[in-house]
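The sequence lines fix the lettering, A, B, ..., with proteins before strands; numbering per chain opens at 1.
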Amino acid sequence: MTLASMYKTDYVQTCDQHSQTNLNSSWVNDKGAWMTNVIIVCLIKFFFSIVPGMSPELAWTMTTLTYNVGSYIMLHAVTGVPFEFTQGAYDGITLWEQIDGGVQFTATRKYLATVPIVLFLLSTHYTHYAPFAFSVNLVVTVINLIAKLPVMHQVRLFDINQKVDTN
Amino acid sequence: MSFLDEIFGTDGRKHKDEGIWNWVKNQRIKRKLKKAEQAALHTMTPAAATTTFSSASSATGGHTHNHHYHQHHHLESTQHTRSRSVSSAASTSHASFYCSPRSPTSTFTPSTAPTTAYSSPRGSLYFRRPASVNSTATTAVGSVTPPMDVSSPKTHRLPYTHSRQRAQSTFTLPAVAAESSLPKRSASSRQQRSQHSDDYYQSHNLHSHHIHDYYDDDEGHIRRSASSRSAPTYYYSQSGNQCSQHSQHSQQQLVEDDDYANLCDIDSLSISGQSSSYNSSSGSISSSNKGKGVQRDQEETIDEITEIDGCSGIAAGSDLSSPTSTSPSRRRSMDTAMDNPILAAVNQTLQASSRAIEAIPGSEIVINYIKNSYQNDPFRVVLELGLAVFAVKYMLSKKYRIDPSHIKLTEKEIDELVAEWQPEPLVQPLSDIQRMELEKTQVIAGHQGPKPKMLSSGKNLLNLASTNFLGYINNEDIKEKAIETLRNYGVGSCGPPGFYGTLDVHINLEKDIARFLGTEKAIIYSQNFSTISSVIAAFSKRGDIIVADDGCNFAIQKGTQISRSNIKWFKHNDMADLERVLESIKKETTTSKKRPLTRRFIVTEGLFQNYGDIAPLDKIMELKEKYKYRVILDECNSFGLLGKNGRGLTEVFNISPKRVDMIIGSMANALSGTGGFCAGSKEVVEHQRLSGQAFVFSAAMPAMLAVCASEAIKILETPEKGNKLLKDMSDNAAAFRNVVVSAPQAIEVSSDVGSPILHLRFPKNALSAAGITTRDDEKYLLQEIVDEVAVKDGLLITRAKYVESQEMFLPRPSIRISICATHARKDVEKAAQAIKASFVKAISKRK
């Protein structure tokens with residue numbers, strides 16, 4: 001048996017999912033999306049600062065909270081794609097798991113993991129490391145980071161988003 | 001908002017010192033102070049005691065950063081000796097004692113001047129304590145303890161004790177630097193320390209030039225020029241001059257000079273060397289200081305000062321020459337420091353690296369950030385460092401694929417594969433069996449029909465191979481209609497049905513089919529093979545369940561494959577097995593708590609193309625109702641052929657066609673048209689207009705063929721013609737079958753009675769007896785039969801052909817007979833006899 005025949009993979013299965021670019025997740029690789037991410041964080045902070053009666057420390061904490069919760073919902077809570085083109089290949093998969101077809105530690109994933117960390121450091125700095133704000137920031141950032149670890153790829157806790165079992 | 005201010009630290013300064021670490025430290029400080037108060041009550045003079053108390057209490061009450069440090073580190077260092085605790089209170093009050101150069105004697109008077117020229121906002125860490133005397137060497141009695149000045153938190157009183165006092169005082173040097181890890185010194189402090197040494201030179205006339213300008217400020221204090229940061233200065237040198245004027249004591253002079261020399265030489269001493277000696281000396285502090293005297297203490301002091309000074313790791317440029325008078329102890333310590341080359345090298349490295357770091361542009365920001373972020377909370381700093389390390393590790397990780405089926409080849413394997421690779425020819429050379437098939441395939445000259453003429457021999461053979469079941473190919477009525485339509489509509493339809501390809505004849509055909517079958521609506525596809533694939537994929541998606549008969553034809557298999565659903569196969573026409581499978585699925589899906597709502601289908605054929613037998617539709621409907629499945633019935637080979645009127649399996653079993661969810665039929669087999677259809681309810685049919693892939697992405701069928709099919713249906717509908725055709729066909733099939741089954745030792749017939757498709761196979765035992773083991777051999781043998789009857793008996797028959805590499809359940813090789821209604825009974829019987837004889841001969845010949 002030749003080496004090539006030993007390494008024959010399921011051609012049809014591979015063709016199906018990757019025949020077209022997953023438009024639901026391909027946009028996160030664009031550099032414009034990266035810039036928009038930063039701009040959104042700045043906008044959130046701006047709008048929180050504008051609110052009368054909000055101290056800068058509270059604004060920073062709310063920024064971190066909003067960004068982490070929002071990005072968690074967008075990346076790790078919502079599954080599937082809004083349009084149908086690969087017979088439901090991405091039905092039970094979150095956007096984070098769809099990025100780059102499941103390859104870990106790509107540039108986009110590294111970037112998306114850096115932003116909460118940087119935001120956390122800034123936020124704790126500007127809230128003068130007050131314990132309450134620090135703990136809030138820490139908890140939210142850590143939850144967001146844990147969800148981005150490769151060990152959590154397609155892992156479902158507490159039956160949230162439990163995947164349909166497919167053969 | 002005040003509550004939020006509290007918890008969010010709106011006033012940054014207020015919360016600057018908070019944190020777990022600080023809280024812990026504060027608790028200990030409070031406890032120690034309380035103890036000190038108790039102790040001080042007994043030891044202090046009342047006057048001094050009150051002031052001490054006031055100062056001490058105010059110190060604790062105050063929020064001054066450095067005072068905390070004072071007391072804390074005082075107390076920390078005095079922890080290991082009981083004796084020290086006595087003097088701790090005293091030393092606290094010593095902490096704020098400072099010297100005003102104008103009146104050195106005023107050192108003994110409490111001063112309430114709020115500001116000093118020697119303020120150091122950097123904190124107590126920059127204190128220059130003079131050489132202190134070990135507390136245990138002297139008594140605490142008699143030492144006057146000036147109170148602390150706590151009026152202004154900003155200014156830091158540099159402690160100074162007069163040399164005379166130093167010899168007698170119970171001053172203990174706080175091990176400030178040793179306890180806390182100091183932040184890095186900036187360049188300014190190094191500059192200051194060089195200033196200090198310059199001061200020393202200046203005061204002792206060792207230099208000729210001024211480095212700094214001095215001027216008197218308003219209060220008459222001598223200030224440094226603005227070039228010097230507000231860092232602590234070696235004011236001892238100036239004040240020391242004046243102080244020394246008053247002290248004529250030679251011993252003390254010596255001590256002073258020594259002290260200054262010692263102090264000034266701190267910069268030139270190696271840190272690590274001193275730190276080691278400090279550690280050793282601090283250990284010995286508690287143990288043996290009774291008789292050691294001043295020398296020992298000074299050595300210790302030097303070390304301690306060096307600790308304060310040099311913990312950051314930066315030593316000033318050691319351009320100082322050794323001062324003139326060197327005490328043996330100091331020389332000793334200096335020598336040990338310099339002698340050890342490793343420590344010297346480390347020192348040099350640290351200096352160089354810190355200078356390099358500061359040379360990086362923007363390092364100021366980072367250093368400031370680090371300083372600001374420390375906030376005396378090492379736990380939090382450790383946490384943030386952990387986060388930073390995690391971030392770095394994440395950034396540096398290489399990307400990898402999680403999919404386990406993705407195989408990573410080693411270099412060696414890649415090389416092997418490359419070496420192995422041979423370019424394939426565009427046209428593969430034919431294998432033996434392929435060549436045989438190519439040679440033996442009959443070519444029809446002229447048009448298709450019941451008795452076509454062969455190209456090779458020129459003879460007319462009886463056609464038992466093509467699926468011309470009802471003989472419509474030669475039907476004159478249909479031919480006329482077809483020609484008429486061709487003249488009206490042209491040849492093609494110029495587009496997919498959804499995009500200007502639909503003609504009225506297509507709509508008519510759909511209506512005819514629906515009417516004929518008895519369903520609500522029908523949709524037509526242009527190709528028979530892709531009809532069933534599209535229908536299955538249009539309704540069953542990923543996650544749905546399909547239960548299919550394992551004798552289904554290739555088109556159904558492909559349809560289930562592209563639908564990406566879960567497929568479960570049951571044994572061919574085995575209703576018990578079907579029930580088992582349905583039951584198992586029911587068990588699986590009801591056990592899981594969150595059962596997704598999936599669509600479930602049973603897919604089977606009416607008349608199996610590979611076997612010729614009929615599915616028990618009544619039983620299937622029973623099971624479908626019980627387990628709530630939908631039935632997709634592929635009637636490609638039974639529509640128009642089975643049943644009294646040709647309506648298919650639903651007519652045979654007397655089941656309302658509306659109960660079957662989707663009936664798929666073929667116009668190519670029975671109706672001599674082309675393509676296929678799907679008949680069902682309105683929703684079923686309309687859904688396929690957009691999601692039936694072959695409907696959307698294929699051209700519509702030519703008008704001529706649609707008309708042919710419509711005509712064929714009309715013929716079927718007319719009882720005298722249609723029924724007659726059907727009866728003829730079934731009679732012919734029965735006759736053929738009767739002959740062929742009479743030789744069971746040679747022929748295995750897998751078809752049902754009345755089926756127009758017959759599959760003739762060799763029985764397995766006969767094959768093994770004849771020594772035929774492989775599939776290819778069997779095929780060769782069958783081909784012999786085909787050739788023989790073509791030549792000898794004038795029959796055109798064929799083997800059933802399969803895409804062997806892709807069939808899921810590859811059927812055994814067979815000869816497929818398709819009975820035509822227009823053949824004469826006698827011809828059919830004769831053909832059957834000939835085939836039977838040929839089979840017998842073939843199998844016995846091998847024996």
Side-chain angles (χ1 to χ4, degrees), chain A residues 2-4 6-7 9-10 12-14 16 53-58 60-61 84 86-89 91-92 97 100-107 109-110 113-114 117-118 120-121 124-134 138 141-142 145 148-150 153-154 159 162-167, chain B residues 1 4-16 18-20 369 372-375 377 380 383-384 387-388 390-391 394-403 405-407 409 413 416-417 420-421 537 541-544 561-568 588-589 592-594 596 598 691:
Chain A
T2 64
L3 204 61
M6 286 201 303
Y7 281 124
T9 54
D10 186 359
V12 179
Q13 181 77 4
T14 319
D16 182 41
M54 195 172 278
S55 67
E57 288 80 9
L58 184 58
W60 271 107
T61 310
E84 174 72 39
T86 47
Q87 300 278 358
D91 268 352
E97 289 153 359
D100 291 331
V103 178
Q104 299 297 314
F105 294 123
T106 61
R109 286 175 190 249
K110 290 180 182 173
T114 312
I117 294 175
V118 169
F120 167 77
L121 291 174
T124 51
H125 177 76
Y126 282 115
T127 56
H128 313 290
Y129 305 95
F132 180 71
F134 180 80
L138 185 69
T141 305
V142 163
L145 285 178
K148 294 182 162 54
L149 289 173
H153 183 79
Q154 301 206 349
D159 266 358
Q162 197 63 38
K163 281 192 346 166
V164 174
D165 74 323
T166 55
N167 293 357
Chain B
M1 252 348 241
L4 285 174
D5 280 344
E6 282 283 326
I7 57 175
F8 282 102
T10 305
D11 177 9
R13 264 192 304 280
K14 195 161 68 156
H15 291 275
K16 210 169 154 71
E18 281 189 4
I20 306 164
Y369 174 75
N372 279 336
S373 73
Y374 179 64
Q375 304 271 9
D377 195 354
R380 199 212 67 249
L383 201 74
E384 286 189 355
L387 201 62
F390 168 78
Y394 201 93
M395 292 312 123
L396 295 177
S397 308
K398 283 168 56 132
K399 58 180 180 181
Y400 62 89
R401 204 176 278 273
I402 281 196
D403 179 18
S405 67
H406 181 83
I407 298 162
L409 299 169
E413 285 177 340
E416 271 184 54
L417 282 171
E420 264 179 19
W421 179 77
K541 307 286 185 187
R542 196 181 292 261
D544 296 337
Q561 189 179 4
I562 64 170
S563 74
R564 296 265 168 256
S565 322
N566 304 339
I567 312 166
K568 304 255 186 319
E588 269 174 31
T589 48
S592 67
K593 263 201 322 198
K594 272 196 164 187
T598 56
S691 61

A.B. asks: Where does A:Leu121 contact chain B at under 4.5 Å (heavy atoms): side chain, backbone, both or neither?
C.D. replies: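 For A:Leu121, backbone and side chain are both near chain B.
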A.B. asks: Quick check: do B:Lys398 and A:Phe105 have side-chain heavy atoms less than 4.5 Å from each other?
C.D. replies: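 No, too far: nothing below the 4.5 Å cut-off.
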A.B. asks: So do A:Leu149 and B:Phe390 actually touch side chain to side chain, heavy atoms under 4.5 Å?
C.D. replies: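 A side-chain contact under 4.5 Å exists here.
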A.B. asks: Between A:Lys148 and B:Tyr394, what is the shortest heavy-atom contact and its length?
C.D. replies: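 Nearest heavy atoms, A:Lys148 then B:Tyr394: O-OH, 3.0 Å.
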A.B. asks: So, using side chain to side chain contact (heavy atoms under 4.5 Å, CB included) as the criterion, who are the partners of B:Leu387 when residues are at least two apart?
C.D. replies: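 Side chain to side chain contact (heavy atoms under 4.5 Å, CB included) check on B:Leu387 returns A:Ile117, A:Phe120, A:Leu145.
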A.B. asks: Taking atom CE of B:Met395 and atom OG1 of A:Thr114, what is their separation to the nearest 0.5 Å?
C.D. replies: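 If I round to the nearest 0.5 Å, the distance is 2.5 Å.
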